[in-house]
Amino acid sequence: MSFDVTRVRAAYPALAEGHLHFDGAAGTQPAAGVVEAVTGAMRHAVGNRSAAFAPGRRSLEIVAAARAAVADLLGVAPDGVVLGPSATALTYTLARTLGDTWRPGDEVVVSRLDHDANVRPWVRAAERAGATVRWAEFDPATGELPTGQYADLVGERTRLVAVTAASNAVGTMPDVAAIARLAHAAGALVCVDGVHAVPHGPTDVPALGADFFVTSAYKWSGPHLAALVADPARWAALRPDKLRPSSDAVPDRFEYGTPSFPLLAGLTAAVEHLAGLDPAAPGDRRTRVRAGLAAARAHEQVVFDRLLAGLAALPGVTVLPAPAGRCPTVSFRLAGLTPAETATALGEAGICLSHGDYYAYEYFQALGLREHGGAVRASVYHYNTVEEVDRLLAELDRLAAGGWRMTG
Ligand SMILES: Cc1ncc(COP(=O)(O)O)c(C=O)c1O
């Protein structure tokens, strides 16, 4: 396994601006190959999809290549890859479509650890169908989402279990495979939010037991696009709302309107970038993507361990708990400053961190922290370094010592 962070950083043009990006959980910077692919698809003739002329065939190829790239990233069939503008939009489409088949008395299980994109679409679909929503709770003392509760939550009326592969607030990675086994034993489907997990290690959707799995390319060096994947046979059994003349084929019928062909070309380039993270890795693209993300994970872990140790040693920092084996994401608060003040002060020093609830609405609501500004989040991505962590920690130390006051 090899990972050269200096080489990897050189593949991100935006890093030359000098900001410290601990905001990868909110969106990563695009890799150079992505920028080239997007502009390349705009510089050359690309028509709307048509087999009749060459520029039309180019857009057909771009779409097919994007499906193949996501398939390699996640270990699924290209024909099961539905592409769309965002994880939120795709999950709403799926929830509407599945919800149309639900009846009063049916049940849906969502979790309070999830980003709202894997909660509210299901809650709304359940309301429309007269179905009951049941809630999986996280343990506030540990940040875990205990698997055992699903044995009680899931029953013969359960139609769907929605759960995250990783919390975007604290990085907790629930035991999705075990939860899926419980759900499947009751005949329920499982929708897994992979948005936060996919950038941080190899993903094998069939091994997770996910019937549906969503990922967003802008969290892994790509453009603002997303993919929702399932077995093609599963898609074939579903009837989404659609326009009369639009394709009724699978997976096309779940995609609305004319897609952004340049961004789709960028999505493919992002997967190529991930496949090149470990230049020594041999094999086909799926194998190299797995190797690249495994190498990136090992690097991220070193950087993240330094961050966690540094935060633990800083006076005035309260870290929100999460179990070992988490994604490299941590939320914390600094005594004497609101999360917004902390993030703004860091921003003035060129250090980028998210603050608030980052749409992990139920999580912060359950902790009673939403009305107190949520928290500040530092997420490590493979282009971060231990030197950057040390700069962040030094700045936090300065702030904790009262080195910043709100002005105005
Ligand atoms: C865990 C998680 N799920 C879903 C989303 C929503 O993704 P999108 O912006 O593609 O709708 C995010 C975005 O931050 C996220 O972190």
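Both ligands and their constituent atoms are indexed starting at 1 by order of listing.
- A salt bridge links R306 to D390: one of the charged nitrogens lies within less than 4.0 Å of a carboxylate oxygen.
- Ranking the protein heavy atoms by distance from atom 15 (C) of ligand 1 puts H115 CD2, 3.2 Å first.
- For D193, a nitrogen or oxygen atom sits less than 3.5 Å from a nitrogen or oxygen atom of ligand 1, counting backbone and side chain alike.
- Here's the thing with S216: one of its N/O atoms is less than 3.5 angstrom from an N/O atom of ligand 1.
- Other residues, nucleotides and ligands place no more than 12 heavy atoms under 6.0 Å from the OH atom of Y359.
- The CG atom of L208 sits 7.0 Å away from atom CG of D204, with the distance rounded to the nearest 0.5 Å.
- Side-chain N or O atoms of R128 include none that pairs as donor or acceptor with a backbone N or O of R96 at under 3.5 Å.
- Residue contacts with ligand 1, taken as heavy atom pairs separated by less than 4.0 Å, involve Y218 solely via side-chain atoms from C-beta onward.
- A 4.5 Å side-chain heavy-atom check between R326 and H200 finds every atom pair outside the cut-off.
- With rounding to the nearest 0.5 Å, the separation of OG1 in T164 from NE2 in H196 is 8.5 Å.
- In terms of protein heavy-atom proximity, atom 7 (O) of ligand 1 is closest to A87 CB, 3.6 Å.
- By the 4.0 Å heavy-atom criterion, T164 is excluded from the residues contacting ligand 1.
- In this structure, D79 has no salt bridge (Lys or Arg N to Asp or Glu O under 4.0 Å) partners at least two apart in sequence or on a different chain.
- Under 4.0 angstrom from ligand 1, the non-hydrogen atoms of A117 all belong to its side chain.
- Under 4.0 Å from ligand 1, the heavy atoms of K219 that appear belong solely to its side chain.
- The ligand atoms of ligand 1 that sit less than 4.0 angstrom from a heavy atom of N168 are 1 (C), 16 (O).
- At a heavy-atom distance under 4.0 Å, atoms from both the backbone and the side chain of T88 approach ligand 1.
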